[in-house]
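Each chain gets a letter, A, B and so on, in the order the sequences are listed, and its residues count up from 1. Side-chain atoms are counted along with the backbone in the values below, which use heavy atoms only and exclude waters and symmetry mates.
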2 protein chains.
Amino acid sequence: MTTVKTRGAPTLPVNSIIAGDCIEAMRALPDASVDLVFADPPYNLQLRGALHRPDNSLVDAVDDAWDAFDSFAAYDAFTRAWLTEARRLLKPGGALWVIGSYHNVFRLGAELQNQGFWILNDVVWRKSNPMPNFRGKRLANAHETLIWASRGQGAKYTFNYDALKALNEGVQMRSDWVLPICTGGEREKDESGQKAHPTQKPESLLHRVLVGTTNPGDVVLDPFFGTGTTGAVAKALGRDWIGIERDAGYRQVAERRIAKVRRYDAEALRVSTSKRAEPRVAFGVLVERGMLRPGEELLSTNGRHRAKVRADGTLAGPDVTGSIHQVGAHLEGAPSCNGWTYWQFKRDGVCVPIDLLRQQIRAEMQAG
Amino acid sequence: MTTVKTRGAPTLPVNSIIAGDCIEAMRALPDASVDLVFADPPYNLQLRGALHRPDNSLVDAVDDAWDAFDSFAAYDAFTRAWLTEARRLLKPGGALWVIGSYHNVFRLGAELQNQGFWILNDVVWRKSNPMPNFRGKRLANAHETLIWASRGQGAKYTFNYDALKALNEGVQMRSDWVLPICTGGEREKDESGQKAHPTQKPESLLHRVLVGTTNPGDVVLDPFFGTGTTGAVAKALGRDWIGIERDAGYRQVAERRIAKVRRYDAEALRVSTSKRAEPRVAFGVLVERGMLRPGEELLSTNGRHRAKVRADGTLAGPDVTGSIHQVGAHLEGAPSCNGWTYWQFKRDGVCVPIDLLRQQIRAEMQAG
DNA sequence: TTCGGTTATGAATCGGACC
DNA sequence: TGGTCCGATTCATAACCGA
């Protein structure tokens with residue numbers, strides 16, 4: 001186990017499983033210390049008993065046994081408690097994922113919103129091999145729902161758009177994910193060869209979550225660790241992880257499982273990066289360096305407009321002056337314009353996009 | 001308009017649109033009088049500024065006053081009121097469908113449960129042609145959620161298992177439905193040729209709901225009638241319907257629309273059985289599913305080139321990074337390359353084409 | 001008339017760095 | 001912390017238009 005010092009005590013028990021109740025365990029961890037929470041809370045809503053009185057009023061909460069939720073009120077109280085702690089533990093730019101089925105996910109989502117979390121997407125895990133509905137009384141329950149939320153409206157969050165787009169054959173990732181359930185060799189077994197956990201999640205699901213919404217080195221907390229799928233995938237992907245699990249049997253399976261995981265090498269962990277992350281280049285630098293001469297004429301990509309380069313890196317169009325972006329937007333009557341991809345210059349009679357010059361400068365910056 | 005006598009007064013204004021607020025209008029209807037409620041309530045989207053597409057065109061947002069609520073509390077109070085009336089109107093063996101997005105559906109589901117409704121399934125409408133996420137800041141919101149609930153635990157409900165199975169090419173219907181959004185000729189227009197309603201639902205969605213969970217002659221109530229999709233499909237399928245709509249313009253469009261609908265004869269109830277092309281598989285899926293490990297080396301079929309798999313499903317070659325197709329094309333100096341047939345991996349000393357893994361996944365998808 | 005290229009559009013909680 | 005301005009970003013489908 002590693003511990004990471006945060007501002008003041010206590011320390012963060014990274015890459016280890018904390019034994020105990022998730023709410024108490026979270027209370028012992030420091031504010032603003034984790035980048036992501038992934039939670040697969042229990043939803044064994046055992047509602048056979050008297051949930052409602054004859055007049056339909058709700059029966060009072062029973063809050064003495066967390067593992068058997070005798071009423072929606074009890075489940076809501078539990079949800080409120082662990083979400084409150086999770087929100088406290090999240091860094092300002094952190095985010096939370098939670099997964100559930102129709103039994104509990106509506107209560108989870110409503111409570112998330114009540115606490116000020118800001119829902120970014122709900123995601124449907126569409127199971128490619130679900131259990132059929134044997135009695136033919138309902139639709140085959142072939143999906144589960146995940147909710148992805150930032151700490152609050154306007155809060156920052158990590159989203160590796162280009163990595164997910166690459167994972168999806170070059171088309172932007174959608175909110176419906178088709179993945180198989182966890183079976184076969186991936187399914188953890190106990191000593192007697194039985195499945196160790198009733199609802200083990202597939203590693204493919206965590207892979208997509210972690211690649212898409214964390215970076216290497218981030219700290220991922222799973223307060224309902226179970227047999228440690230989150231930890232196994234986090235370790236392989238070079239993320240730090242913290243698990244909380246009450247059941248000693250699950251902890252043992254998870255420890256053994258994660259110990260066997262090897263971290264992928266650094267090159268494999270690098271993902272497609274966004275252009276947004278690349279260093280900014282001022283257009284004026286091209287003029288300073290003599291790549292473009294003051295007075296030189298630029299042409300718009302569509303061939304309809306011209307403008308002249310000025311010594312200070314602005315452009316002079318027919319009736320407007322300003323940055324490459326401003327002049328482009330004005331000439332097109334558009335709300336905005338990316339001047340880098342809009343303008344071209346001529347060399348030896350050939351039109352060349354000015355963005356090529358920016359790429360040259362960026363390459364030099366890399367080398368330098 | 002037809003009226004149907006129920007036990008005592010008042011009578012049921014079947015196959016007509018009631019003008020006015022849905023809560024008040026429902027209060028005037030008799031207890032236990034309808035077989036199904038289908039509700040498409042306001043989503044409370046909470047949109048902020050204007051949104052432009054990358055081509056600078058403006059997205060026509062849902063900014064109607066009827067969709068805006070001051071707070072979650074206000075939205076919840078509204079939800080509670082109309083659900084209470086809906087439950088009162090349902091016959092003991094009746095059921096309710098409600099549709100929403102992540103903005104409101106968690107609040108809907110929680111309130112349903114609080115009132116004693118019994119959720120039978122949540123159903124995901126996976127849109128085959130959703131609006132993309134133009135800024136690349138989140139996942140494309142490609143689905144909406146429906147909740148199907150009976151009046152209470154243990155209550156009877158109608159479920160036409162075999163009809164839905166037939167609709168699904170002989171396989172048990174699942175909880176995820178892939179249907180296109182409402183566009184083209186199906187979209188109702190106003191006098192000026194503009195879309196008459198910002199959120200018109202596709203008839204295919206209502207078709208599936210009504211075929212699956214009502215019988216001919218049943219009474220279907222839609223308290224948020226809009227331009228009358230529920231009425232149009234109900235009439236075609238030989239179900240009675242009641243619409244409630246506040247907006248006179250929407251009512252007018254709905255009246256005109258439904259008047260043109262003819263009830264299907266058996267022959268017209270055809271199901272399109274167009275064979276789909278082979279489903280596209282993203283290379284990244286092989287990585288997510290652990291069929292290939294990040295860092296694993298692929299060999300070209302001709303044995304001349306090698307590249308390493310990365311966590312996001314891209315390849316890293318000696319001097320190039322990109323999709324399996326891009327890297328293959330670059331290494332061969334070719335304009336294009338089918339990466340699926342170009343690359344192989346090693347298992348137990350044997351070279352295996354990656355296309356074999358794709359075939360495995362396709363087989364799963366067929367089965368699912 | 002057919003074919004191919006272009007344009008339009010859909011329930012969307014859709015910046016952020018820097019001064 | 002508020003204002004300024006750079007500059008990144010889209011998929012499926014149908015209608016439309018010109019040859």
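Of the candidates C:dT9, D:dG7, D:dA14, the closest approach to any side-chain atom of A:Arg358 belongs to D:dG7. For B:Val59, the listed nucleotide lying nearest its side chain is C:dA12; candidates were D:dG7, C:dG10, C:dA12. The side chain of B:Asp55 has C:dT9 as its nearest neighbour among C:dT9, D:dG7, C:dA11. Out of D:dA8, C:dA12, D:dT10, the shortest distance to the side chain of B:Arg135 is found at D:dA8.
Looking at heavy-atom distances under 4.0 Å, B:Asn44 makes no contact with the nucleic acid at all. B:Pro180 comes within contact range of no nucleotide atom at all, as no heavy-atom separation falls under 4.0 Å. Residue-level contact check: B:Gly49 touches the bases, meaning some heavy atom is under 4.0 Å from a base atom. Looking at heavy-atom distances under 4.0 Å, B:Glu144 makes contact with a base. Residue contacts shown for B:Thr199 include a base, since a base heavy atom lies under 4.0 Å away.
Atom pair A:Trp340:CH2 and D:dC6:C1' shows a separation of 11 Å (rounding to whole Å applied). For the pair B:Ile181 CD1 and D:dA12 C1', the computed distance is 8 Å after rounding to whole Å. What separates CG of B:Asn129 from C1' of D:dC11 is a distance of 9 Å, to the nearest Å. As rounded to whole Å, 14 Å separates atom C1' of D:dC6 from atom CG of A:Leu315. The nearest whole Å value for the distance from the CH2 atom in A:Trp343 to the P atom in D:dC6 is 14 Å. Between the CZ atom of B:Phe69 and the P atom of C:dA11 there is a distance of 19 Å, given to the nearest Å. When the P atom of D:dG7 is taken as reference, atom CD of A:Glu332 falls 18 Å away, rounded to whole Å. For B:Lys195 and D:dA15, the NZ to P distance is 16 Å, given to the nearest whole Å.
Under the Watson-Crick or G-U wobble criterion, with both distances below 3.5 Å, D:dC16 is paired with C:dG5. Under the Watson-Crick and G-U wobble criteria, each requiring two contacts below 3.5 Å, nucleotide D:dC11 is paired to C:dG10.
If B:Asp40 and B:Pro132 are placed on DNA chain C by their nearest nucleotide, the residue sitting closer to the 5' end is B:Asp40. Of the two residues contacting DNA chain C, namely B:Tyr43 and B:Asn133, the nearest-nucleotide position lying further toward the 5' end is that of B:Tyr43.
At distances below 3.5 Å, at least one donor-acceptor pair connects side-chain atoms of A:Thr214 with backbone N or O atoms of A:Leu210.
Judged by distance alone, with hydrogens and angles left aside, B:Lys137 brings no side-chain donor or acceptor close enough to the base of C:dA12 to form a pair under 3.5 Å. Under 3.5 Å, the side chain of A:Thr341 and the base of D:dA8 form no donor-acceptor pair of N or O atoms. No donor-acceptor contact under 3.5 Å links the side chain of A:Arg280 to the base of C:dG16.
Considering only heavy atoms from C-beta on, A:Cys351 stays 4.5 Å or farther from A:Phe345 through its side chain.
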